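For reference, the structure is listed below as structure tokens.
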Amino acid sequence: MSIVVRQIGSQEIVLYTKGADSSIMPVLVPCSHNSPEGILREQTQQQLDRYAREGLRILVMAKRTLNSADYTDWWARHQEIEMSLENRERRLRDSFAKLESNLTLLGATGIEDRLQDGVPETIASLLSAGISVWVLTGDKPETAINIAYSAKLFTQQMELIRLTARSRDAAETAINFYLTDMENDKTTSTLGYGQSLRKKQRALVVDGKTLTFILDPKSKLILPFLRLSKRCASVLCCRSTPLQKAYLVKVVKEELNLRTLAIGDGANDVSMIQMADVGVGISGQEGMQAVMAADFTLPRFRYLERLLLAHGYWCYDRLSRMILYFFYKNAAFVFLIFWYQLYCGFSGQVMMDQMYLMLYNLIFTSLPPLAIGVYDKRVAEDLLLKNPYLYKNGRLGVAYRPHDFWLILLDALYQSLVIFFVALCAYAESDVGIWEFGTTITASCLFANLVHCAIEIRSWTVLHVLSIVLSLGSFYLFAIVYDSVCMNCFGVRSSYWVIFVCFASAVHWLVIMLSTVVAVLPRLLLTTVRISLCPDDSTKVILQSKRERSRGEALLVTWSRSTSASSIYRITDYGSKNQIITTIT
């Protein structure tokens, strides 16, 4: 809503324009239906209905002529209200409403608000990924519904449920009626949020007036409304104000215990973006307010598909495997110290040098988990965009479940047992020193951790290789320097020259090789069996892509009738939206 005041002579003319998200309703001058003003209003209403059916953005304009005394009196009271603190918002609303009365209608405009390129495809992909999509808009219901159809939020096969109540009791009756109808429908079987097994899916349309009754905490209609929305494939809220948008995000997030993402491009979307768990702002023609308030910024709506389906999948998968790897390597290292306590009477003595204890997690094994958590890509981007349903890996929390934590601890327990007792048996009946024994165990644990990391890596790059090489190099470089120059550093006994004794010992290297193989072999076998016998959806997609490439489905053969010559082309990024064809022969 905007008000423009212009002075013409001794009069003030107030031009009022009604925007889609305005919460202040104007009051026109009363008139009869047969008067010129009444005829103009009827014609304008017909034009508005036609514009709305065509999906145009509507702007209604009205005016009011004020004399200088009336305007000065209103402006003085309005400035006083702006300076007050008691009931400021309500009094401001009443002040504007008083000015916006007795308006004379000027007319209306309809502007084509075209969707950006890729919006229908993006929304279709999000729905295929199992993401529930709600559209909260200030447009008229007719305009919003047409946009929903063009954006593929609604389909012609959907049954539209419209909530247009004008009282709290009417809203409750309508919600309970549709809930009862759905419960009595035996073909409905709710699977999850926004998904149902019906021959004909439902779409819910709610207007702003009905939302006012529903979102009122005293009405107790929020939970029934959410139950109704869960059984609908899509939800469209029309004529909603910025505060209603934010409150809807809040109740969905808190009552349904869901993760929410809000995306908008205007100042009226700021409160909604800030309320959501993740806020995305689109930089466009409506200012930078949404961008300034958002967590992520996109130049176009279609990039939301890559942000969620590709980067969202990678982020969850990387963090899940990185956290599990952190638990594993720390537990395995600590268990080694525990097993030694069985042979030293739980005196607290350790068989490793103090510097190894401090630097093992800080330097020696710090890079591999970072390589997994930052650069690893389990599934290629083109496969993720081609198969949106793979997003359920993160949406349903498949990669990190409670039992995965206990399984990784059991694996760490087993590997620590193998590393410690293989070294113990190898050095039995020998005069090996405590520092040589501890250095051998430390090196064995480091090798086992790095081989374990290599099994977890899904996309090898130079950075992954460097992380492993630098981890090994940092350990041996530090050991060589430290054992060469430090005989009694920091006031404690050190492992002077021990690393060179280990280099010359065949037992040291045999223990490292045997303990590493025996420790990591069960995980390698289980991973191989799981992938071969019961692969998950991501693995199936990867294997299917490899089979297609091996069968030559990424090759294109052409033959010219005039020259009787044939050519073979290879398609790069087969199956993606950005295929590149290169000539082979």
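In what follows, every heavy atom counts, from backbone to side chain, and hydrogens, waters and symmetry copies are set aside. Small disclaimer: the values here were computed from a predicted structure and weren't measured.
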| task | Check the pair Arg523 / Asp411 against salt bridge (Lys or Arg N to Asp or Glu O under 4.0 Å), numbers first and verdict last. | result | CA-CA 8 Å; Arg523 167 162 287 272; Asp411 193 12; 2.7 Å; yes

| task | Taking atom types as modelled, find out whether Ser320 and Asp317 have a side-chain donor-acceptor pair closer than 3.5 angstrom. | result | no

| query | Which pair of non-hydrogen atoms, one from Leu446 and one from Ser471, has the smallest distance, and what is that distance? | reply | CD2-O, 4.3 Å

| field | Polar side chain donor-acceptor pair, Tyr375 to Ser459, under 3.5 angstrom | value | no

| With a 4.5 Å heavy-atom cut-off, do Val374 and Met322 have their side chains touching? | no

| Under 3.5 Å, side chain of Ser347 to main-chain N/O of Cys344, donor-acceptor pair present? | yes

| With a 6.0 Å cut-off on ring centres, are Phe478 and Tyr482 close enough? | yes

| Can any side-chain N or O of Ser430 pair as donor or acceptor with the backbone N or O of Tyr427 at less than 3.5 Å? | yes

| query | With a 4.5 Å heavy-atom cut-off, do Lys392 and Tyr313 have their side chains touching? | reply | no

| said: Could you measure the distance from the NZ atom of Lys329 to the SG atom of Cys445? Nearest 0.5 Å is fine. | reply: 9.5 Å

| task | Verify the distance criterion only: is there a donor paired with an acceptor across the side chains of Thr461 and His464 at less than 3.5 Å? | result | yes

| said: Main chain of Gly348, side chain of Gln341: is a donor-acceptor contact present, judged purely on distance under 3.5 Å? | reply: yes

| note | For Trp134 and Leu226, the nearest pair of non-hydrogen atoms, with its separation, is CH2-CD2, 4.3 Å

| message | A side-chain contact here means heavy atoms from C-beta on lying under 4.5 Å apart; do Asn393 and Arg378 qualify? | response | yes

| Out of curiosity, Trp460 CH2 to Ile468 CD1, how far, rounded to the nearest 0.5 Å? | 3.5 Å

| query | Parallel, tilted or perpendicular: which describes the rings of Tyr476 and Phe503, with under 30° parallel and over 60° perpendicular? | reply | tilted

| message | Can you tell me how the ring of Tyr328 sits relative to the ring of His452, calling it parallel under 30°, perpendicular over 60° and tilted otherwise? | response | parallel

| query | Mind checking whether Leu357 and Val350 have side chains closer than 4.5 Å, heavy atoms only? | reply | yes

| Can you list the steps and then say if Tyr496 with Ser484 is a side-chain contact (heavy atoms from CB on, under 4.5 Å)? | CA-CA 6 Å; Tyr496 179 73; Ser484 300; 5.7 Å; no

| field | Minimum side-chain heavy-atom gap Thr539-Asp536 below 4.5 Å | value | yes

| task | Indicate the atoms forming the closest heavy-atom contact of Ala332 with Ser416, along with that distance. | result | O-CB, 3.6 Å

| request: Indicate whether the side chain of Asn330 and that of Asn361 have a donor and an acceptor atom separated by less than 3.5 Å. | output: yes

| Do NZ/NE/NH1/NH2 and the carboxylate oxygens of Glu381 and Arg306 come within less than 4.0 Å? | yes

| task | Any chance you could measure Thr365, atom OG1, to Leu450, atom CG, to the nearest 0.5 Å? | result | 8.0 Å

| Working for side-chain contact (heavy atoms from CB on, under 4.5 Å), residues Gln201 and Cys232 | CA-CA 7 Å; Gln201 290 183 322; Cys232 297; over 6 Å; no

| Between Val418 and Ser515, what is the shortest heavy-atom contact and its length? | CG1-O, 3.8 Å

| Is the gap between the ring centers of Phe475 and Phe364 under 6.0 Å? | yes

| remark: Heavy-atom nearest pair, Leu228 first then Leu204, reads CD2-CD1, 4.1 Å

| said: Tell me if the NZ atom of Lys250 is crowded by more than 12 foreign heavy atoms within 6.0 Å. | reply: no

| query | Do Asp265 and Phe301 have side-chain heavy atoms sitting under 4.5 Å apart? | reply | no

| Between the side chain of Asp376 and the main-chain N/O of Ile457, is any donor-acceptor distance below 3.5 Å? | no

| query | What heavy-atom pair brings Cys237 and Leu248 nearest, and what distance separates the two atoms? | reply | SG-CD1, 3.7 Å

| query | Atom CG in Leu304, atom CD1 in Ile131: separation rounded to 0.5 Å? | reply | 7.5 Å

| request: Indicate, with yes or no, if the rings of Trp406 and His403 have centres closer together than 6.0 Å. | output: no

| query | Sub-3.5 Å donor-acceptor pair from the side chain of Ser545 to the main-chain atoms of Val541, do we have one? | reply | no

| query | Phe335 vs Trp339 aromatic rings, parallel, tilted or perpendicular, using cut-offs 30° and 60°? | reply | parallel

| query | With a 4.5 Å limit on heavy-atom distance, are the side chains of Leu336 and Ile419 in contact? | reply | yes

| request: Just do the salt bridge (Lys or Arg N to Asp or Glu O under 4.0 Å) check on Asp404 and Arg321 with the steps written out, would you? | output: CA-CA 10 Å; Asp404 292 327; Arg321 292 191 289 119; over 6 Å; no

| When rounded to the nearest 0.5 angstrom, what is the spacing between CG in Leu126 and OG in Ser132? | 10.5 Å

| said: Tell me whether Phe296 at atom CZ has more than 12 heavy atoms from other residues, nucleotides or ligands lying less than 6.0 Å away. | reply: no

| Quick one: does Trp314's side chain have a donor or acceptor within less than 3.5 Å of a partner on Val379's backbone? | yes

| said: Is there a salt bridge (Lys or Arg N to Asp or Glu O under 4.0 Å) between Asp269 and Lys245? Walk through the geometry before answering. | reply: CA-CA 8 Å; Asp269 300 319; Lys245 295 178 182 180; 3.2 Å; yes

| Test log, rule side-chain contact (heavy atoms from CB on, under 4.5 Å), inputs Met351 and Ile441 | CA-CA 9 Å; Met351 68 290 194; Ile441 287 182; 4.1 Å; yes

| Would you call Thr260 and Val278 a side-chain contact if the rule is heavy atoms closer than 4.5 Å? | no

| task | Give the intermediate values and the outcome of side-chain contact (heavy atoms from CB on, under 4.5 Å) for residues Phe405 and Ile323. | result | CA-CA 9 Å; Phe405 171 77; Ile323 291 172; over 6 Å; no

| message | We want to know whether Tyr360 and Asn449 form a side-chain donor-acceptor pair, criterion being a heavy-atom distance below 3.5 angstrom. | response | yes

| query | Looking only at atom types and distance, does a side-chain atom of Tyr316 sit under 3.5 Å from a main-chain N or O of Tyr400, one as donor and one as acceptor? | reply | yes

| query | What's the spacing between Ser444 OG and Trp509 CH2 if we round to 0.5 Å? | reply | 10.0 Å

| Are more than 12 heavy atoms from other residues, nucleotides or ligands located less than 6.0 Å from atom CG of Asp277? | yes

